[in-house]
Number of protein chains: 2
Amino acid sequence: MPKMGQAAARKRAFVEAAIASIHKKGIVALTMADVAREAGVSAGLIHHYLGSKDQLLHATMRHLLHELQQILKHRLSRAKNPHKRLEAIIESNFTSEQMRPEVVSAWLAFYVQAQRSDSLSHLLHIYSRRLQSNLTAGFAAHDMPLARARIAAESTAALIDGFWLKAVLVEGVMNHKHAVKVLKRHVAQQIEEASATGIA
Amino acid sequence: MPKMGQAAARKRAFVEAAIASIHKKGIVALTMADVAREAGVSAGLIHHYLGSKDQLLHATMRHLLHELQQILKHRLSRAKNPHKRLEAIIESNFTSEQMRPEVVSAWLAFYVQAQRSDSLSHLLHIYSRRLQSNLTAGFAAHDMPLARARIAAESTAALIDGFWLKAVLVEGVMNHKHAVKVLKRHVAQQIEEASATGIA
DNA sequence: ATCTTTTTATTGATCACTCAATCAATAAAA
DNA sequence: TTTTATTGATTGAGTGATCAATAAAAAGAT
């Protein structure tokens, strides 16, 4: 069935297969043969399209970041007031796509991988800063002093990561809806507390 | 130099070497030869004392949990009032020992490993529940309704993990002292907010 | 004290196996 | 007929684990 110009679609399929395989076998035991089997192709084909195991994993990690960014961008564009924008940021991190067990496993593998790769840790840095600045802007729009907005953003970002990590580790215990509820509560609390001390 | 009854000390040394090696080469690329080199012994000796690579890693992970528990126990025993106990819990997670780059790397590897091992995920479950219950007790002692104490404990636990994860990923950006400061601030805020709405 | 015997510690070579990567061969489009 | 897609066998570099061999201490015997 060989057709031409399938490179992009093939790569995407291999990245999906990599995510599924990471979930099934774990990043430590993962082999190219696993990914090939998952994708239903021969062992050599992945090398033909992606060069090496390292490049496959890099492409996979970039895919994860890109997907999250797309979701975030989409939801932010639909949020009109600052408060909705804060909620959009929270919700983007707990969509059903982001909470898929395969995706969650792949993100954790990403974190492990990022410790040993300058380019991956650089991507993570950029994403982290963007999240921080989005949150800060959201809080600052609530008549909050910048310094306070920064701390509110920092704790909110940490809460997102913390809830997400709990979802990874104790699968089933933490459900998305609860995490989102507590997070929104935290955001509201930050805003209220700031306005209260602002008046006092 | 062979002396007798050195088994315990040897095992401990190998666990330390494993932690250092995980930091240097990463959990994915880690080999027994790496650990042996780090410990300054031959390849076979680790098998003699610990059986297999899997058992070495398990021992390493149990060591990490045990150390954290010891620190926590010690600090809790010195904290007299409930508020000090809450602070002790927070500080235990950000001691200089816990924030050592080698230890931090090993914890992340632990999380990855726990996803594929029932016994490790069980240990993590137990620790997680104990932390939750310690925090809940601390909050509940501040005239806080139990339901509210539980949520305060939940968010505090998530914040601890979130800050810790940031320390892993963007090494250097997040320093312990700042994390502890923000966390204590969060705890105070939870208590204040509860007493405020309790009066209203 | 000195000499055996037993037990423990340690090494390094070796084995069986797995993996990522390569490549010639084939098949199907263009 | 040139280019692209795909396979599957092969290669060569490790890997975890085993094991015989050695060395050193401990225990026992006289």
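All chains are named by letter (A, B, ...) in the order of the sequence lines, taking the proteins before the strands, and each is independently numbered beginning at 1.
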Nucleotide nearest [X] (side chain, heavy atoms from C-beta), chosen from [options]:
X	options	answer
A:S42	C:dT11, D:dA17, D:dG8	D:dG8
B:M32	C:dA20, D:dG16, D:dT6	D:dG16
A:Y49	D:dT6, D:dT7, C:dT11	D:dT6
B:T31	D:dA17, D:dG16, C:dT11	D:dG16

Quick one: [X] [atom1] to [N] [atom2], roughly how many Å, whole number?
X	N	atom1	atom2	value
A:L30	C:dA21	CG	C1'	15 Å
B:L57	D:dG16	CG	P	10 Å
A:K53	C:dC19	NZ	C1'	8 Å
A:H47	D:dT10	NE2	C1'	14 Å
B:R10	D:dA24	CZ	C1'	13 Å
B:D34	D:dG16	CG	C1'	13 Å

**Prompt:** When all nucleic acid strands are considered with a 4.0 Å heavy-atom cut-off, which category describes B:I46: base, sugar-phosphate, or nothing?
**Reply:**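 Nothing: the residue B:I46, judged by heavy atoms under 4.0 Å, touches no strand.
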Just to be sure I understand the rule, does A:L56 reach a base, reach only the sugar-phosphate, or reach nothing, if contact means heavy atoms closer than 4.0 Å?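 Since no nucleic acid heavy atom lies under 4.0 Å of A:L56, the category is nothing.
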**Item:** Exercise: identify the closest heavy-atom pair between A:E67 and A:Q98
**Value:**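 Nearest pair, atom of A:E67 first, then A:Q98: C-NE2, 4.4 Å.
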_Which atom of A:H176 lies closest to which atom of A:F94, heavy atoms considered_ =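 Closest pair (atom of A:H176, atom of A:F94, distance): CB-O, 3.9 Å.
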Between B:Q190 and A:Q189, is any side-chain donor less than 3.5 angstrom from a side-chain acceptor?
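There is such a pair between these side chains.
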Across all strands shown, which nucleotide pairs with [N] by Watson-Crick or G-U wobble geometry, both distances under 3.5 Å?
N	answer
D:dT30	C:dA1
C:dC19	D:dG12
C:dA30	D:dT1

Are B:W164 and B:Y111 near enough that their ring centres are under 6.0 Å apart?
->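 Here the rings of B:Y111 and B:W164 have centres that are less than 6.0 Å from each other.
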For this session: Determine whether A:W107 and A:L68 make a side-chain contact, defined as any pair of heavy atoms from C-beta on separated by less than 4.5 Å.
Result: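 A side-chain contact exists here, since the closest heavy-atom pair is under 4.5 Å.
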* Toward the 5' end of DNA chain C, which comes first, A:A29 or A:G51, by nearest nucleotide? ->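 Comparing both residues, the 5'-ward one is A:A29.
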